[in-house]
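Accompanying notes for the structure given below.
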Amino acid sequence: QVQLVESGGGLVQAGGSLRLSCAASGRTFSYYVIGWFRQSPGKEREFVAATSWSGANTYYADFVKDRFTISRDNAKNTVYLQMNSLKPEDTAVYYCAARTAISAYTIPGNYDYWGQGTQVTVSS
């Protein structure tokens, strides 16, 4: 089992940046694929980005390509989501999640472990 804790959310103006962190504890962190998802009121949880076990492969939703970057530091048991050029529509609760397989990484139901989420609010 692995426990995940997100941090780094907050209030930022449009065009600004935030870096989210997902700190893991429990079983060996490098066994897990880590994904970032977000959910805003009235909407379903949606895929944002994911990273493979080593971090060599990364995957992004089309709406965040060239703005967000996912990275991981297995020595620190942490995955980061650097968010640049933020837009008001990026406002949501952001969650990190873990699973051991990489297939169908965009589907929330395929992840086994979830953090509690961190709020990101982008003002116009």
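Please read these numbers as outputs of a predicted model, since none were measured by experiment.
Here the side chains of L86 and L18 are in contact, with some heavy-atom distance below 4.5 Å. Between D62 and Y60 the shortest side-chain heavy-atom distance does not fall below 4.5 Å. At a threshold of 4.5 Å between non-hydrogen side-chain atoms, the residues E89 and F63 do not count as touching. Counting heavy atoms from C-beta outward, R19 and L81 have side chains that stay 4.5 Å or more apart. Proximity of F47 to I107: side-chain heavy atoms (C-beta onward) are nowhere separated by under 4.5 Å. The shortest side-chain heavy-atom distance between W53 and I102 falls under the 4.5 Å cut-off. Side-chain contact check for R38 versus V93: every heavy-atom pair is 4.5 Å or farther apart. Between D90 and M83 the shortest side-chain heavy-atom distance does not fall below 4.5 Å.
Between the CG atom of L20 and the OH atom of Y94 there is a distance of 7.5 Å, given to the nearest 0.5 Å. Taken to the nearest 0.5 Å, the OG atom of S124 stands 9.5 Å off from the CD atom of Q13. Atom CZ of F68 sits about 9.5 Å away from atom CD of Q82, to the nearest 0.5 Å.
At distances below 3.5 Å, at least one donor-acceptor pair connects side-chain atoms of S52 with backbone N or O atoms of N57. A donor-acceptor pair under 3.5 Å is absent between the side-chain atoms of Q119 and the main chain of G10, judged by distance alone.
For the pair R45 and F37, the NZ or CZ position fails the cation-pi test of under 6.0 Å to the six-membered ring centre and within 45 degrees of the ring normal.
Summarising the local packing, CD of E44 is surrounded by 12 or fewer heavy atoms from other residues, nucleotides or ligands at distances under 6.0 Å.
Using the six-membered ring where Trp is involved, Y95 and W114 have ring planes that are perpendicular, over 60° apart on the 30 and 60° scheme.
In this model, a donor atom of one side chain and an acceptor atom of the other lie less than 3.5 Å apart for S17 and N84.
Between F29 and T78, the shortest heavy-atom distance links the atoms CE2-N, 3.6 Å. Nearest heavy atoms, A24 versus V2: CB-CG2, 3.9 Å. The nearest pair of heavy atoms linking S54 to N74 is CA-ND2, 4.3 Å. When all heavy atoms of V33 and A101 are compared, the closest pair comes out as CG2-O, 3.6 Å. Annotation for W36 and E6: closest pair CZ3-CG, 3.9 Å, computed over non-hydrogen atoms. Across every non-hydrogen atom of I34 and C96, the tightest pair is CG2-CB, 4.5 Å.
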* Give the C-alpha distance, both sets of side-chain angles, the deciding distance and a yes or no for side chain to side chain contact (heavy atoms under 4.5 Å, CB included) between V79 and T51. => CA-CA 9 Å; V79 171; T51 175; 4.3 Å; yes
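Y80 is not connected to V48 by any chain of hydrophobic side-chain contacts under 4.5 Å among Ile, Leu, Val, Met, Phe, Trp and Tyr, and they are in different clusters.
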